[in-house]
Amino acid sequence: MITNLKKLSQLLHLDLANQSVYDQLQDFPLLVPKSFAAKIKPNDKNDPLLLQVLPQKSELETVPGFGIDPIWEREHSPVTGLIHKYHGRVLLLATNICAVNCRFCFRRHLQEKITDWQKVFSYIKDDPSINEVILSGGDPLMLKPKELQNIMDRLAVIPHVKRIRIHSRVPIVMPERITAKLIKSKIPVVLVVHCNHSNEISPAVVKALKLLCQQNITIFNQSVLLKGVNDSSQTLIALSERLFDAGVTPYYLHILDKVKGAAHFYVDIKRAKRIYLEMQKKLSGYLMPKLVVEVKGRKKHL
Ligand code: SF4
């Protein structure tokens, strides 16, 4: 794991040192798995993978409209670490540990996690309308395999819970962690991976994704539209094609949630729609992710 700017600079043959900024961002520090760093092109300060993980000076700017809880999760948390925002689904902040610190993360300031699992299971048991439980975080695939198994087993015995959805960046940024035994469930599992650029999909990632497909896990991808990273139709077309080759269905393309520290990644809706139209001209419908923005109370399709 790379947590040191100097080490990343050496690896990429770049002078990334901006120590004063780096020190001020220690509540959300640099964190990059070695296998992800290996996919970053050396000698390129604008590499799209590097930009996703490199702490920047612009993160310290205060920009109107960009806050610490951009999707109003705190208002929908009846139990610490459980978010009940939409009908039929609850989201569990199963851990606050991630494999990578993505600079655009909308939860970068909250980093909450479940403290009382008993209360969480009771809440789910008491509401028969909940038929899907979403494991998120942090990254649920960073839990110890036994802990993850225990959670999945306890959810599977609740009669009205029909499926478990896992949101994870691990298969993309740390594919070496994926084994045939990591996700074992007695009820159907949907996995939503987070990948923003086709360069993230190395042969090791393809292998990990195929392994998960073989276990009858349905895999979707969601991306965030990020300035300088993937804000061109060409880049997003390449991503959809590569995902599909790896057995993954492109699912959502999100407008960036307006989180404090990430304004430099923002692509406005007008431009996003132009990019999307370009994609539509060249991609089959099933390769088109849905362009969405989170507005209060729902996801709005654009
Ligand atoms: S892995 Fe997910 S939760 Fe963790 S920093 Fe990245 S976007 Fe945020």
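Just so you know, ligand 1 is whichever comes first in the structure, and atom 1 is the first atom listed for that ligand. Starting from 1, each residue takes its place in the sequence as its number. Keep in mind that the numbers below use all heavy atoms, side chains included, and drop hydrogens, waters and symmetry copies.
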Which of L8, L30, L31 passes side-chain contact (heavy atoms from CB on, under 4.5 Å) with T3? Answer is L31
Near atom 8 (Fe) of ligand 1 (cut-off under 2.8 Å), count of protein N, O or S atoms
1
Please check atom 2 (Fe) of ligand 1 for a protein heavy-atom neighbour under 4.0 Å.
no
Can you tell me how far OG of S168 sits from CG of L143, rounded to the nearest 0.5 angstrom?
10.0 Å
Any residue meeting ring-ring contact (aromatic ring centres under 6.0 Å, His included) with F121, in chain and number order, not counting sequence neighbours:
W117
State, with a plain yes or no, whether a side-chain heavy atom of K299 is found less than 4.5 Å away from one of K290.
no
Kindly write out the residues that satisfy ring-ring contact (aromatic ring centres under 6.0 Å, His included) with H84, not counting sequence neighbours, or none if the list is empty.
Y123
Show me the donor-acceptor pairs, under 3.5 Å and distance only, between side chains in residues 237-256 and residues at least two apart or in other chains.
from: S240; atom 1: OG; to: L287; atom 2: O; distance (Å): 2.7
from: R242; atom 1: NE; to: I201; atom 2: O; distance (Å): 3.3
from: R242; atom 1: NH2; to: I201; atom 2: O; distance (Å): 2.7

